[in-house]
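When reading the values below, keep in mind they use all heavy atoms of this one structure, side chains included, and skip hydrogens, waters and symmetry mates. Since the structure is predicted, the reported quantities are computational estimates derived from the model, not experimental observations.
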Amino acid sequence: MRDHDSIVGCQLPPPTRASPYSRFLSGIPVGKITASGLYGLYNTGAADGRQNLAGFVFAEVLFAPAQTNVPAALLWHGSVKTAKLPIAVAAVAPSASCMIRFA
């Protein structure tokens, strides 16, 4: 697991008075953006590096709405139950940078 990697490029609901922070849920799939080295939402149609699954957000992360980079722990080695993910992700073959087994 890599600590303090950043996730960028995500559309989030605006904060409310009851919930002043935005959050990334555990299990969000991410890909590494080639140009910046940061992480963004995994997207098979992307052409900037995010089309390659790098891992999953390990634990829920709260952050201020104006924050541009969000530190988060990344699960890149282990087993993931696809039925428990907050976003549907098709199983992909393990690679040198992402050794995830899907169950």
**Report entry** For Tyr42 against Val92, the heavy-atom pair lying closest together
**Finding:** OH-CG1, 3.7 Å

Query - Distance-minimising heavy-atom pair for Ala54 and Leu74 - result: O-CD2, 4.1 Å

Requested in this report: Taking the side chain as every heavy atom from C-beta outward, state whether Val70 and Phe24 have any pair of such atoms under 4.5 Å apart.
Outcome: yes

Under 3.5 Å, sequence neighbours excluded: what are the donor-acceptor pairs made by side chains of residues 79-87?
residue : atom : partner : partner atom : Å
Thr82   : OG1  : Ala103  : O            : 3.4

**Report entry** Derivation of the side-chain contact (heavy atoms from CB on, under 4.5 Å) call for Val30 and Trp76
**Finding:** CA-CA 10 Å; Val30 295; Trp76 62 274; over 6 Å; no

**Report entry** Beyond-backbone contact of Leu53 with Thr44, side-chain heavy atoms, under 4.5 angstrom
**Finding:** no

Query - Nearest atoms (heavy-atom pairs only) where Cys98 meets Gly55 - result: SG-N, 3.9 Å

Query raised in the report: Partners of Ala46 by side-chain contact (heavy atoms from CB on, under 4.5 Å), sequence neighbours excluded?
Result: Asn43, Asp48, Arg50, Gln51

Requested in this report: Might you point out which heavy atoms bring Gly37 and Lys32 nearest each other, and give the distance in Å?
Outcome: O-CE, 3.4 Å

Requested in this report: Report the C-alpha distance between Phe56 and Ile100 in whole Å, list the side-chain angles of each, state the deciding distance to 0.1 Å, and finish with yes or no for side-chain contact (heavy atoms from CB on, under 4.5 Å).
Outcome: CA-CA 9 Å; Phe56 294 88; Ile100 299 287; 4.1 Å; yes

Could you pull out all donor-acceptor pairs under 3.5 Å where a side-chain atom in residues 57-67 meets a protein atom, sequence neighbours excluded?
residue : atom : partner : partner atom : Å
Glu60   : OE2  : Arg23   : NH1          : 2.5
Gln67   : OE1  : Ala64   : N            : 3.3
Gln67   : NE2  : Asn69   : O            : 3.0

